[in-house]
Amino acid sequence: MKGLYSALVASAIAGAFAAPSPTEKGPITARAAQAACATNVSLSGNPFSGRSIYANKEYSKEVMSAAAAMTDSALAAKASKVADVGTFLWIDTRARISVVEENLAAVGCDQLAAFVIYDLPGRDCAAKASNGELAAGDISTYKTEYIDPILAIFKKYPKTAIALVIEPDSLPNLVTNADLSSCQESASGYREGVAYAFRQFNLPNIAMYVDAGHGGWLGWNDNLKPGAKELANVYKNAGSPKSVRGYATNVAGWNAWDLEPGEFSTATDAQWNKAQNEKKYVELFSPELKSAGMPGQAIVDTGRNGVTGLRNEWGDWCNVNGAGFGRRPTTNTGSSLVDSFVWVKPGGESDGTSDTSATRYDSFCGKPDAFKPSPEAGQWNQAYFEMLLKNANPPF
Ligand SMILES: *[C@@H]1O[C@H](CO)[C@@H](O)[C@H](O)[C@H]1NC(C)=O
């Protein structure tokens with residue numbers, strides 16, 4: 001249909017003007033887009049199929065100013081290509097809601113807008129670097145001042161396809177860090193908050209993927225079933241919303257997609273984990289999720305997993321030194337269980353500060369395999385970005 005519209009518009013223009021000049025391409029694109037965008041989006045099947053991920057302005061701006069700051073012009077040219085990669089936009093505070101609409105309004109009809117919902121009360125209960133603005137227990141603020149205002153904006157754009165990653169690390173932390181008092185305090189708010197997001201964002205143009213950690217987290221033999229049960233219980237408590245498509249893995253992570261043998265397959269504890277790469281994790285986790293009563297389609301963050309063999313331990317998560325950008329977003333995943341490879345973590349933004357005197361210093365960010373110096377989580381790290389770019393695999 002898209003081809004047909006373009007052909008019709010092009011021939012109409014050709015009839016009116018003997019020789020269309022490049023300046024006339026603007027109206028053609030705009031009119032074709034308008035025609036294709038005439039109807040409400042009603043997603044079924046893979047939402048990424050036939051749609052590219054919108055390259056949001058926030059990340060593009062960061063990348064373009066990073067490119068402008070480079071003295072190596074060849075590297076700067078490569079950097080500017082990163083600005084065209086579609087990535088997820090993190091809504092990690094209430095204040096950040098202010099950028100949602102200007103981005104949503106700019107999404108093309110053959111594109112999909114991608115956001116990360118990330119502001120649960122007591123966020124990041126097992127680490128220190130990404131603690132959120134809402135205290136554990138403050139579920140009412142989460143609902144009324146975070147989810148509801150985002151929903152009000154989404155409702156204005158029924159013609160735009162939207163993919164959401166719901167609350168990275170939250171439910172996985174309840175599975176594996178239940179011994180921490182901070183995670184105990186956060187547990188009921190996480191479950192209620194994720195269920196609320198599921199219910200509220202259950203619109204025809206939205207597809208949701210709830211975070212399921214990665215192979216080195218819920219992939220352990222003993223964690224697969226409890227992990228699937230935790231996610232599926234929240235899903236069912238929310239009334240099994242149609243818009244929940246499955247789960248996201250490797251968000252802000254480092255695991256390879258299909259490396260054989262897996263990166264940690266020679267570790268002494270490897271016998272307890274068959275999910276030695278993300279492909280294996282998905283193949284193990286999806287069936288568990290489905291038998292627990294939840295849809296099991298996945299998206300996998302390949303934004304920073306281009307180089308492997310860098311971590312001393314599987315759990316090392318902070319600003320891994322030597323990393324490179326990974327595979328670009330694509331639906332050619334080679335797995336019917338994976339809707340798309342995606343870039344969720346904006347490469348170049350820090351995972352956490354390496355300043356040992358900072359309140360939010362987490363010891364993982366001081367480990368020997370972590371890049372130093374690194375600023376606070378979410379802050380831009382130019383040197384780290386340049387490293388990701390130089391080590392990109394495939395290269396830019
Ligand atoms: C499109 O969605 C909007 C918002 O839900 C609704 O008001 C409108 O009636 C829909 N249009 C069509 C043609 O279904």
Side-chain angles (χ1 to χ4, degrees), residues 1-9 12 27-58 86 88-91 94 96-119 140 142-167 192-210 234-246 248 294-295 297 299 331 339-340 342:
M1 281 306 278
K2 214 173 118 232
L4 179 61
Y5 282 123
S6 309
L8 288 175
V9 174
I28 294 175
T29 308
R31 278 208 265 167
Q34 224 174 19
C37 241
T39 55
N40 287 353
V41 170
S42 184
L43 296 173
S44 67
N46 184 352
F48 295 88
S49 177
R51 295 184 180 90
S52 61
I53 301 166
Y54 168 68
N56 70 73
K57 297 174 205 274
E58 314 313 310
F88 279 70
L89 175 53
W90 291 61
I91 314 172
R94 286 166 289 172
R96 190 72 170 164
I97 298 170
S98 63
V99 303
V100 171
E101 183 153 15
E102 61 183 288
N103 277 281
L104 209 41
V107 177
C109 306
D110 54 355
Q111 292 180 319
L112 170 148
F115 299 97
V116 180
I117 300 299
Y118 190 54
D119 202 20
S140 75
Y142 181 75
K143 290 178 177 178
T144 60
E145 295 182 22
Y146 179 72
I147 297 292
D148 291 352
I150 296 170
L151 177 66
I153 299 168
F154 287 171
K155 280 187 165 168
K156 290 159 74 177
Y157 295 87
K159 295 175 183 173
T160 303
I162 299 171
L164 302 177
V165 165
I166 305 292
E167 297 291 353
E192 189 178 342
V194 171
Y196 189 75
F198 280 174
R199 272 195 305 271
Q200 295 297 88
F201 296 137
N202 187 30
L203 298 174
N205 58 320
I206 294 181
M208 286 181 268
Y209 300 84
V210 64
V234 173
Y235 167 76
K236 287 183 282 189
N237 285 340
S240 305
K242 198 166 169 277
S243 291
V244 177
R245 175 89 180 145
M294 186 180 148
Q297 288 302 118
I299 53 176
T331 54
D339 284 346
S340 187
V342 289

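Each residue takes its place number in the sequence, starting with 1. For ligands, and for the atoms within them, numbers begin at 1 and follow the listed sequence.
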Q | Minimum heavy-atom distance between Thr331 and Ser49, given as atom pair plus value | A | CG2-N, 4.0 Å

Q.
Quick one: does any side-chain atom of Asn205 pair with a main-chain N or O of Lys159 as donor and acceptor, under 3.5 Å?
A. no

**Q.** Under-4.0 Å protein heavy-atom contact, atom 5 (O) of ligand 1
**A.** no

Q | Asp119 (side chain) donor-acceptor with Tyr142 (main chain) under 3.5 angstrom | A | no

Q. Under 3.5 Å, is there a donor-acceptor pair between the side chain of Asp339 and the main chain of Ile299?
A. no

Q: Would you verify that at least one protein heavy atom lies under 4.0 Å from atom 11 (N) of ligand 1, or report that none does?
A: yes

Q) Closest non-hydrogen protein atom to atom 14 (O) of ligand 1, residue and atom name please, with distance? A) Asn40 ND2, 3.4 Å

